[in-house]
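Inspection log for the structure reproduced underneath, given as structure tokens.
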Amino acid sequence: MQNEPDTLANVEAEDIFDVILRMEKSFDIKFEDGDFEQTKNFGELCDVIESKILAKKHVDDCTLQQAFYKIRDSVMNTQSLNKKSITPATKLNYIFPRKVRAKLVSSFNQQIGVDIDFLAMNGFIATPLIILLLASIIGLFISWKIAVLGLLLSISGLWLAGRFSKELVGVTVGDLTRKMVREHYMNARRLSGTINQEEVRKLIPETFAHDLGFEIKDLTIESPVF
């Protein structure tokens with residue numbers, strides 16, 4: 001990634017709106033048609049998002065800490081693990097061993113009350129299937145019978161790979177905690193319907209940087225969007 005102030009201009013508008021939609025879910029807000037019509041740069045984009053979120057009640061406490069406690073309690077309620085063994089540095093593969101990972105993650109998500117998606121497909125399996133899918137789409141213009149077979153195989157394979165995903169997204173409980181705060185901010189809070197304004201102001205650009213694959217320093221307020 002080049003360190004240019006306008007790198008965000010090279011991102012598709014759909015990808016930016018995908019991040020905005022995830023923020024709607026995380027912060028329990030709703031954007032209206034036209035909210036972003038006058039938005040010209042990243043600073044203005046953040047201002048629009050902030051205006052929706054900061055309307056909520058401010059409480060000066062730490063959401064990251066609260067999320068960690070919720071994660072720790074959910075693990076303790078679904079597994080026989082000692083409280084002291086669960087810290088931000090604890091490895092996720094210790095809490096969710098591969099052999100029973102899918103079952104433990106499902107129980108954990110039910111206990112914590114939100115679906116934290118931290119299991120992914122194995123890249124060695126997913127990549128060939130995606131290549132087959134793309135090749136099959138192109139193949140529809142050459143030999144539709146073979147292409148249809150390829151589509152069926154790739155789609156079925158991707159579905160099965162997704163159904164039995166076992167690769168962890170993140171390494172430690174700390175990684176999982178930050179993911180919960182980014183993607184389920186309101187659920188991570190102890191006091192329902194509240195926010196920490198200073199956290200929110202930092203979290204908005206951090207979320208864009210994380211989800212779009214940027215370094216936070218590359219997202220300047222002057223970076224043009226859309």
Side-chain angles (χ1 to χ4, degrees), residues 1 8 11 15-16 18-29 42 45-46 49-50 52-54 56 58-79 81 83-97 101-102 104-121 123 165-219:
M1 181 80 58
L8 195 61
V11 177
D15 293 333
I16 295 175
D18 282 345
V19 180
I20 293 171
L21 289 175
R22 288 193 287 273
M23 286 189 183
E24 277 192 327
K25 179 181 178 182
S26 180
F27 291 103
D28 191 23
I29 55 177
F42 184 64
L45 177 67
C46 290
I49 298 171
E50 276 188 20
K52 297 284 185 179
I53 303 172
L54 298 187
K56 297 179 180 293
H58 167 71
V59 177
D60 188 15
D61 54 12
C62 180
T63 307
L64 197 65
Q65 184 182 60
Q66 294 167 30
F68 168 72
Y69 289 152
K70 287 192 174 188
I71 288 172
R72 185 186 64 185
D73 291 346
S74 295
V75 170
M76 290 171 57
N77 289 335
T78 53
Q79 299 189 51
L81 293 177
K83 180 178 181 178
K84 293 182 179 180
S85 70
I86 307 171
T87 71
T90 302
K91 303 295 186 190
L92 289 176
N93 57 15
Y94 164 73
I95 298 175
F96 304 103
R101 183 169 293 166
L104 289 177
V105 168
S106 177
S107 298
F108 166 81
N109 278 334
Q110 288 179 16
Q111 178 65 35
I112 205 167
V114 292
D115 185 13
I116 307 177
D117 186 12
F118 60 105
L119 289 182
M121 287 184 278
S165 297
K166 288 188 177 182
E167 301 304 313
L168 290 163
V169 176
V171 177
T172 67
V173 171
D175 295 332
L176 179 59
T177 303
R178 287 185 287 273
K179 182 177 177 64
M180 181 178 183
V181 171
R182 277 197 313 273
E183 300 177 3
H184 304 277
Y185 183 89
M186 301 306 293
N187 295 99
R189 301 279 296 168
R190 181 178 66 252
L191 296 175
S192 177
T194 68
I195 62 164
N196 181 316
Q197 293 181 355
E198 292 305 311
E199 286 181 347
V200 167
R201 290 189 176 98
K202 294 178 181 178
L203 190 58
I204 292 172
E206 287 174 2
T207 299
F208 275 103
H210 178 275
D211 289 7
L212 296 176
F214 285 92
E215 295 289 335
I216 189 69
K217 60 183 174 61
D218 291 331
L219 295 180

Checklist line | Option among V173, T177, T172 that satisfies the side chain to side chain contact (heavy atoms under 4.5 Å, CB included) test with D175 | finding: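 Looking at V173, T177, T172, the match for D175 under the side chain to side chain contact (heavy atoms under 4.5 Å, CB included) is T172.
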Note to self: Could you go through T207 and E183, starting from their C-alpha distance and side-chain angles, then the distance that decides it, and tell me whether this counts as side chain to side chain contact (heavy atoms under 4.5 Å, CB included)?
What the structure shows: CA-CA 9 Å; T207 299; E183 300 177 3; over 6 Å; no
Working to the nearest 0.5 angstrom, can you tell me the gap between [X] [atom1] and [Y] [atom2]?
{"X": "S85", "Y": "Y94", "atom1": "OG", "atom2": "OH", "value": "4.0 Å"}
{"X": "K83", "Y": "R72", "atom1": "NZ", "atom2": "CZ", "value": "4.5 Å"}
{"X": "N93", "Y": "E167", "atom1": "CG", "atom2": "CD", "value": "11.0 Å"}
{"X": "N109", "Y": "S74", "atom1": "CG", "atom2": "OG", "value": "9.0 Å"}
{"X": "I49", "Y": "L203", "atom1": "CD1", "atom2": "CG", "value": "10.5 Å"}
{"X": "Q66", "Y": "I71", "atom1": "CD", "atom2": "CD1", "value": "12.0 Å"}

Check: [Y] and [X] side chains under 4.5 Å, non-hydrogen atoms:
{"X": "L81", "Y": "V75", "value": "yes"}
{"X": "L119", "Y": "L168", "value": "yes"}
{"X": "F108", "Y": "I95", "value": "no"}
{"X": "I53", "Y": "M23", "value": "no"}
{"X": "K25", "Y": "H184", "value": "yes"}
{"X": "E199", "Y": "R189", "value": "yes"}
{"X": "S107", "Y": "N77", "value": "no"}
{"X": "R182", "Y": "H210", "value": "yes"}

Minimum heavy-atom separation for [X] to [Y], with atom names?
{"X": "E50", "Y": "I204", "result": "CG-CD1, 3.4 Å"}
{"X": "R201", "Y": "E198", "result": "NH1-OE2, 3.0 Å"}
{"X": "D117", "Y": "K179", "result": "O-CE, 2.8 Å"}
{"X": "L219", "Y": "P205", "result": "CD1-O, 3.8 Å"}
{"X": "A67", "Y": "V181", "result": "CB-CG2, 3.7 Å"}

Next item on the list: Please assess L45 against F208 for the test side chain to side chain contact (heavy atoms under 4.5 Å, CB included), listing each intermediate value before the final yes or no.
Entry: CA-CA 11 Å; L45 177 67; F208 275 103; 3.7 Å; yes
Counting N and O atoms only, with roles assigned by atom type, does the side chain of [X] sit under 3.5 Å from a partner on the main chain of [Y], one being a donor and the other an acceptor?
{"X": "K56", "Y": "N196", "value": "no"}
{"X": "Q197", "Y": "H58", "value": "no"}
{"X": "S106", "Y": "A102", "value": "no"}
{"X": "R101", "Y": "K166", "value": "yes"}

Next item on the list: Could I get the full list of side chain to side chain contact (heavy atoms under 4.5 Å, CB included) partners for Q65, not counting sequence neighbours?
Entry: C62, Y69
Note to self: Ring-plane angle category for Y185 and F27, please: parallel below 30°, perpendicular beyond 60°, tilted otherwise.
What the structure shows: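 Ring orientation, 0 to 90° scale: tilted.
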Check: So L176 and I116, side chain to side chain contact (heavy atoms under 4.5 Å, CB included) or not? Walk me through it.
Finding: CA-CA 8 Å; L176 179 59; I116 307 177; 3.7 Å; yes
